[in-house]
K.L.:
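Dropping a structure here in structure tokens format, bear with me for questions.
Sequence lines set the chain letters: A, B, ... in the order given, protein chains first and strands last, and positions in each chain run from 1. Hydrogens, waters and symmetry mates play no part in the numbers below; they use all other heavy atoms, side chains included.
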Amino acid sequence: MLPCAAMDAHGDDPVQRIRAAVAAIPRGRVASYGEIAARAGLPGRARLVGRVLREAPAALRLPWHRVLRAGGVTAFPAGSREAREQARRLAAEGVPMQRGRVALDRHGWERDLDAALWAPPTRRR
DNA sequence: TACTTGACCGTAT
DNA sequence: CATACGGCCAAGT
């Protein structure tokens with residue numbers, strides 16, 4: 001038998017883990033390719049994330065529009081069909097993209113961590 | 001088999 | 001802000 005059979009039980013396939021990481025991006029939030037790679041346990045492999053998204057079946061309904069390049073810049077050429085579609089989808093969930101860029105300090109997935117560290121100890125509202 | 005491409009990234013100039 | 005460079009590595013030529 002193959003030794004990988006055991007690990008498969010947990011989903012060892014990089015493609016599956018990347019898809020799962022993308023699917024986990026909260027609505028109204030965005031993440032970078034590098035961040036997704038790291039969350040999928042594949043640090044330094046941002047390009048693989050791009051490849052996986054490009055080849056992902058549309059039927060999977062992955063929130064690909066929530067994935068941006070480092071710095072919050074769209075991975076698509078300005079004005080391209082994909083870039084416009086991405087901006088449209090993000091806008092639909094309250095994430096503005098201007099000049100092909102999203103403000104990560106306001107909409108980045110990791111923003112919550114910083115917010116938590118800087119937030120007042122007591123309740124907020 | 002060797003070389004090129006890419007939905008990328010961080011650092012350095 | 002813009003180039004450049006090295007790292008990454010599966011697919012395509």
K.L.:
In a check of side-chain contact (heavy atoms from CB on, under 4.5 Å) between A/I18 and each of A/L53, A/D13, A/L48, which one passes?
P.N.:
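Among the candidates, only A/L48 passes.
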K.L.:
For A/E93, is there an ion pair with A/R89 - N to carboxylate O distance below 4.0 angstrom?
P.N.:
no
K.L.:
Determine yes or no for a side-chain-to-main-chain donor-acceptor pair under 3.5 angstrom, with A/Q86 supplying the side chain and A/V67 the backbone.
P.N.:
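Present.
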K.L.:
Evaluate the criterion side-chain contact (heavy atoms from CB on, under 4.5 Å) for residue pair A/I25 and A/I36; output intermediate values, then yes/no.
P.N.:
CA-CA 9 Å; A/I25 305 173; A/I36 293 303; 3.7 Å; yes
K.L.:
Which residues in residues 40-50 of chain A have at least one heavy atom lying under 4.0 Å from any atom of DNA chain B?
P.N.:
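Heavy-atom cutoff 4.0 Å gives A/A46, A/R47, A/G50.
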K.L.:
Is there a side-chain contact (heavy atoms from CB on, under 4.5 Å) between A/D12 and A/R17 once you walk through the steps?
P.N.:
CA-CA 7 Å; A/D12 188 44; A/R17 304 205 321 212; 3.5 Å; yes
K.L.:
For the pair made of CZ in A/R69 and P in B/dA7, what is the distance, rounded to whole Å?
P.N.:
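From A/R69 CZ to B/dA7 P: 9 Å.
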K.L.:
Side-chain heavy atoms under 4.5 angstrom apart, residues restricted to Ile, Leu, Val, Met, Phe, Trp, Tyr: same cluster for A/W109 and A/L62?
P.N.:
yes
K.L.:
Please work out if A/T74 contacts a base, only the sugar-phosphate, or nothing of the nucleic acid, heavy-atom cut-off 4.0 Å.
P.N.:
nothing
K.L.:
Take atom CD1 of A/I25 and atom P of B/dA7, then tell me their distance rounded to the nearest Å.
P.N.:
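Answer to the nearest Å: 18 Å.
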K.L.:
Please give the distance between the P atoms of C/dG6 and B/dA7 as a whole number of Å.
P.N.:
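My reading of the P atoms in C/dG6 and B/dA7 gives 22 Å.
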K.L.:
Could you run down the sub-3.5 Å N/O contacts of the protein with nucleotides 11-13 of chain C?
P.N.:
from, atom 1, to, atom 2, distance (Å)
C/dA11, O4', A/R51, NH1, 3.4

K.L.:
Are A/R39 and A/E35 side-chain neighbours, meaning at least one heavy-atom pair lies under 4.5 Å?
P.N.:
yes
K.L.:
Does the side chain of A/P96 come within less than 4.5 Å of A/H107's, by heavy atoms?
P.N.:
yes
K.L.:
Using atom C1' in both nucleotides, what's the gap between C/dG12 and B/dT1 to the nearest angstrom?
P.N.:
14 Å
K.L.:
With nearest nucleotide decided by heavy atoms, which residue, A/Y33 or A/G71, maps closer to the 5′ end of DNA chain B?
P.N.:
A/Y33
K.L.:
Send over the distance from A/I18 CD1 to B/dG6 C1', rounded to a whole Å.
P.N.:
14 Å
